[in-house]
A.B. asks: 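Before I ask anything, let me first share the structure, which is written out below as structure tokens.
Here is the naming used below: chain letters follow the sequence lines, and residue numbers restart at 1 for every chain.
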2 protein chains.
Amino acid sequence: MSAGEQRERKPRADVQRNRTALLETAQRHFLQHGVGTSLEAVAKEAGVGPGTLYRHFPTREALLAAVLHTRSEELVARQAGIDQLADPAQALEQWLRAMEEYFSAFSGLPDPLMAAARAQEPDNPLTIPCHTLITATDQYVQAAQLTGHVRDSVRGNDLFLAACSVAWIKGTGADEESLDRLRTLIASGYRRQDTQA
Amino acid sequence: MSAGEQRERKPRADVQRNRTALLETAQRHFLQHGVGTSLEAVAKEAGVGPGTLYRHFPTREALLAAVLHTRSEELVARQAGIDQLADPAQALEQWLRAMEEYFSAFSGLPDPLMAAARAQEPDNPLTIPCHTLITATDQYVQAAQLTGHVRDSVRGNDLFLAACSVAWIKGTGADEESLDRLRTLIASGYRRQDTQA
DNA sequence: ATCAAAACGGATGCTGCCTCCGTACGCATT
DNA sequence: AATGCGTACGGAGGCAGCATCCGTTTTGAT
């Protein structure tokens, strides 16, 4: 009636119900079997037909993006804590760790993530979140550069890639020691004059 | 007849013929469509049935390993050249580059490679080649450490992982500039006191 | 020329993807 | 309480790829 604000029919109840059921089931399956898990199995276990799954989430990536969206709340929570830190170098380090854990939540996640990060695919539902993360990383980098802890040549994108890499390697089943050595190597790469052995 | 050297029937001609046809076709398909390419399509284009393919190469990885074996000749050729270099730091750098290019020959190759590298799967046909490469990398690392160009804390395995990572990122379609920045970051990570920006 | 071993190859069963359309459900209206 | 309409459901079905099995063909040896 009033200007432009069309009076819509109230959305059906089963829509929201199915959507959340799908998201929960999908998250469980992604956790257990990686991002390549069978969507048919997800649908069946959520108690819906394949058609319903595909209507809610037209592609695997759409489903993945939706699941990640709920998961990202945890990330922003950590971000709040990190922003409290006085030392920008420490903040950067913890932020990288937080991203890495976020990326390695599901095995195989880094691949679609990288595919989305290279943009040029505005329809990819993961593109926006990716660029948000890169920008956030760049902020931490710049803050740490101002205090002289990080080389000026480093960009947020570089460390985003590095975090993705570590997450990818973790997903391939590498042992924790190798991962720690690699993290150290990367840290030596972005930190200024860190001359110890 | 003579001691123990059992006189075997001469192997059939079509075996070798089919094997090489499969390898050539497989390499082409791996190059064009990545390691996930359809094996049925490979068999068809090689002019054999699926059964023949699977008899020659029981798993996708076996086929992949065989193709990589022929490709590795190129790598050892480069290795000979690298061993001529006087500067161990330069040798290490070039060796890493050579590995990286070897790993990124087919899109998706780094994943099965990493799966094989974590050993514990002696039946995986890629395991042995992987460990050979890690050992070779360690040699270059140690040589460069003797001249003080590389941090003592670095191990061959670390740089093997790093090379895999870069190859993986390359395979996801990253632009060349990002790759170069990442390589630089890693180099800053393993080199001793490289204090410039 | 014949034989037996060895290799072939395609038919087959299976799993997963994704679409399409008849059906059922839920909200609004009476 | 009953009716009607639009929305959402869900499963059947077509397709592609994997991996196996077994009747048939090829090949080397005699």
A.B. asks: Take the protein atom CZ of R60(A) and the nucleotide atom P of dG16(C), then report the distance between them rounded to whole Å.
C.D. replies: 11 Å
A.B. asks: Could you give the distance from OG1 (T172(B)) to CE (M114(A)), rounded to the nearest 0.5 Å?
C.D. replies: 3.5 Å
A.B. asks: In whole angstrom, what separates E40(A)'s CD from dC14(C)'s P?
C.D. replies: 15 Å
A.B. asks: Working to the nearest 0.5 angstrom, can you tell me the gap between L182(A) CG and E177(A) CD?
C.D. replies: 12.0 Å
A.B. asks: In whole angstrom, give the distance that lies between atom CG of L53(B) and atom P of dA7(C).
C.D. replies: 16 Å
A.B. asks: May I ask you to evaluate whether H56(A) reaches the phosphate of dA8(D), defined as a side-chain N or O under 4.0 Å from OP1 or OP2?
C.D. replies: no
A.B. asks: If a protein heavy atom is under 4.0 Å from the base, mark B; if only from the sugar-phosphate, S; if neither, -; do that for nucleotides 19-30 of chain C going 5' to 3'.
C.D. replies: BB----BBBS--
A.B. asks: S38(A) side chain N/O closer than 4.0 Å to the phosphate oxygens (OP1, OP2) of dC17(C)?
C.D. replies: yes
A.B. asks: On the nucleotide dA8(D), are OP1 or OP2 found under 4.0 Å from the side-chain N or O atoms that N18(A) carries?
C.D. replies: no
A.B. asks: Does the distance from a Lys or Arg side-chain N to an Asp or Glu carboxylate O, for E176(B) and R183(B), drop under 4.0 Å?
C.D. replies: yes
A.B. asks: Can you run down the salt bridge (charged side-chain N to carboxylate O under 4.0 Å, His left out) pairs that involve residues 69-83 of chain B, sequence neighbours left out, and say none if there aren't any?
C.D. replies: R78(B)-E101(B)
A.B. asks: Roughly how many Å is it from CD in E45(B) to C1' in dG9(C), rounded to a whole number?
C.D. replies: 17 Å
A.B. asks: At 4.0 Å (heavy atoms only), tell me whether T37(B) reaches a base, stays on the sugar-phosphate, or touches nothing.
C.D. replies: sugar-phosphate
A.B. asks: In this structure, how many angstroms lie between the C1' atom of dA19(D) and the CZ atom of F57(B), rounded?
C.D. replies: 16 Å
A.B. asks: Within the structure provided, determine whether L96(A) and T137(A) are in side-chain contact (heavy-atom separation under 4.5 Å).
C.D. replies: yes
A.B. asks: Mind calculating the distance between CG (L63(B)) and P (dG17(D)) to the nearest angstrom?
C.D. replies: 16 Å
A.B. asks: Measuring from H56(A):NE2 to T20(A):OG1, what's the distance to the nearest 0.5 Å?
C.D. replies: 9.0 Å
A.B. asks: In whole angstroms, how far is the C1' atom of dT15(C) from the CG atom of L39(A)?
C.D. replies: 13 Å
A.B. asks: How close or far is atom C1' of dA16(D) from atom NZ of K44(B), stated in whole angstroms?
C.D. replies: 11 Å
A.B. asks: Under a 4.5 Å cut-off applied to non-hydrogen side-chain atoms, are V67(A) and F106(A) in contact?
C.D. replies: yes
